[in-house]
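Each remark here refers to the structure printed beneath this line.
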2 protein chains.
Amino acid sequence: MGTAIAEHRPTGLRERKKARTREALVEAGMRLFGERGYQATTTEEIAASADVSQRTFFRYFGSKEELVLAAQEGMDELLYQAVRARPLQECALTAARNALRDQWELSDTAVMHAQGEALRLIDTNTDLLAAQLRYCHERQEQLAALLAERAGVDPATDPRPGLVAAVFFATVQNGHTAWCRSGRTDLKELVATMLDHLDQVGEAITTNW
Amino acid sequence: MGTAIAEHRPTGLRERKKARTREALVEAGMRLFGERGYQATTTEEIAASADVSQRTFFRYFGSKEELVLAAQEGMDELLYQAVRARPLQECALTAARNALRDQWELSDTAVMHAQGEALRLIDTNTDLLAAQLRYCHERQEQLAALLAERAGVDPATDPRPGLVAAVFFATVQNGHTAWCRSGRTDLKELVATMLDHLDQVGEAITTNW
DNA sequence: TGCCAAATGTCAGTGACTGACATACTCTCC
DNA sequence: GGAGAGTATGTCAGTCACTGACATTTGGCA
């Protein structure tokens, strides 16, 4: 079991070593961020704690923020696959919503836990939030392209795929902050909040309450 | 005429000087960004071009990105006022949509032009995009609070105000990127795109197309 | 074993941003 | 109009994220 992606079985010693170094950096970083806070931890300290040079840190991660965002990496591809697997009679937002649920059920518990830690950390620092939002913006465009392809419309002229993707990620992000703000730590509740918001958003914007 | 806010008439010499320095920094920064690009322009160059020290630059703007975002500053308050002025029988998203239209009609052409320049610049650099998205996130929370107050619901328990605010800004942002990507420079088209997307978003997410 | 390519370390440098302190300027009160 | 208070600015030193260049080590492979 595991992430169902990562077809790159670490065949040689070199690749195994690389994977270990990367994991050591993530582990050291998340631990230090938890202990001293994101801002108060330097990249040199993380590198030293993982027994590599600072230069090596930046060969694995393009920025300090990227280390935190690495936890969500790979989840996207899983989501897109899940969207592709949804039946075509489901409308775009419903398909994305159900794909989110499906993908979460398939995920490894360790990956889920790391995801939760990362999300809680993001809520403590505005630089991280900015990086996360930019990252979501990229994923949003990929989802828009996928939804356009799924429905057989031209994404260059039809704004609807882009709109659904924008609403989807905005709602998910909304669930994220709501979950963090509620002080809960149970990941089931995070997913439940996101799915609940996705269920409500259509009525919330079309009716007068 | 004028921004309708900015009740701070520059009464003394000191305040007039401050306003002039700030404007000189914005003007120098936007000019240099346009000539050499955002990344290739240093804060020292901007400061020198405005005849102040780099330290003074950072007393006016907390970061390099903030100088670009300064153009949108004040537009928020205008938007909130416009929302408050919309009749209560309009549902939340419609009120926000019409408020956006109203606010744009009231704005100064110079302010609008600066806004357009800033938006086009943001589209050229991912650091700026990240800063802009974080800024939108703050504005989104304020709009959510306003919508909750307007409808008389509790924003702590009812997710709908937050959802509408999230959808509103996501859609506006979507219009922004669509406008930039189309290569257009006419601000009327920017507003038209945003309003058009706001009109379409409800049907786009609730129907199967 | 020996060659090639990839991974890493070291070093010097850039640029955003900050705190501390001294100086110059504006405002106000008399 | 001048003294004192408060504010804006310049200067300087320093931190930290991040990068390019080059030398060194290390794993893959003939």
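None of these values were measured; they are calculated from a predicted model. Each chain gets a letter, A, B and so on, in the order its sequence line appears, and its residues count up from 1.
Going from atom CG of A/L25 over to atom C1' of D/dA17 covers 15 Å, rounded to whole Å. Here D/dC18 presents its P atom at 8 Å from CZ of A/F57, a figure rounded to the nearest Å. Rounded to a whole Å, the CG atom of A/D127 is 15 Å from the P atom of C/dA16. For the pair A/N125 CG and D/dA17 P, the interatomic distance rounds to 12 Å; values are reported in whole Å. Protein atom CD of A/Q54 is 12 Å distant from nucleotide atom P of C/dG9, rounded to whole Å. Distance CZ (B/R59) to P (C/dA20): 12 Å, rounded to an integer number of Å. Note: CZ (B/F58) to P (D/dG10) measures 14 Å, nearest angstrom.
Applying the side chain to side chain contact (heavy atoms under 4.5 Å, CB included) test to A/Q200 and every residue at least two apart in sequence or in another chain returns A/D196, B/P159, B/R160, B/L163.
Between B/Y60 and D/dT9 there is a side-chain polar atom (N or O) within less than 4.0 angstrom of OP1 or OP2. Residue B/K17 has no polar side-chain atom (N or O) positioned under 4.0 Å from OP1 or OP2 of C/dC25. Between A/K18 and C/dA7 there is a side-chain N or O to OP1 or OP2 distance below 4.0 Å. Side-chain nitrogen and oxygen atoms of A/S53 include none within less than 4.0 Å of the OP1 or OP2 phosphate oxygen of C/dT8.
Within residues 63-71 of chain B, the residues approaching DNA chain C are B/S63, B/K64, by heavy-atom distance under 4.0 Å. Using a 4.0 Å cut-off on heavy atoms, the residues of residues 34-47 of chain A that approach DNA chain D are A/T41, A/T42, A/T43, listed by number.
Residues B/R36 and B/T41 bring no donor and acceptor atom of their side chains to less than 3.5 Å of each other. Between the side chains of B/E44 and B/T42, not a single donor N or O lies within less than 3.5 Å of an accepting N or O. A donor atom on one side chain and an acceptor atom on the other are not found under 3.5 Å apart for A/R120 and A/T185. Using a 3.5 Å distance cut-off with no hydrogens or angles, the side chains of A/Q81 and A/Q103 do not pair a donor with an acceptor.
Shown here for B/Q173 and B/L133, the closest heavy-atom pair between the two residues is CD-CD2, 3.9 Å.
Considering only side-chain atoms of A/R14, the nucleotide from D/dG10, C/dT8, C/dA7 that sits closest is C/dA7. In the set D/dT9, D/dC12, C/dG9, C/dG9 carries the atom at the smallest distance from any side-chain atom of A/T56.
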Trace of the side chain to side chain donor-acceptor pair (under 3.5 Å) decision for B/Q132 with B/Q72: CA-CA 10 Å; B/Q132 149 95 337; B/Q72 332 196 3; 2.9 Å; yes

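If you run salt bridge (charged side-chain N to carboxylate O under 4.0 Å, His left out) between B/R22 and each of B/E27, B/E15, B/E73, only B/E73 comes through.
No side-chain donor-acceptor contact under 3.5 Å links B/W179 to the backbone of B/A192.
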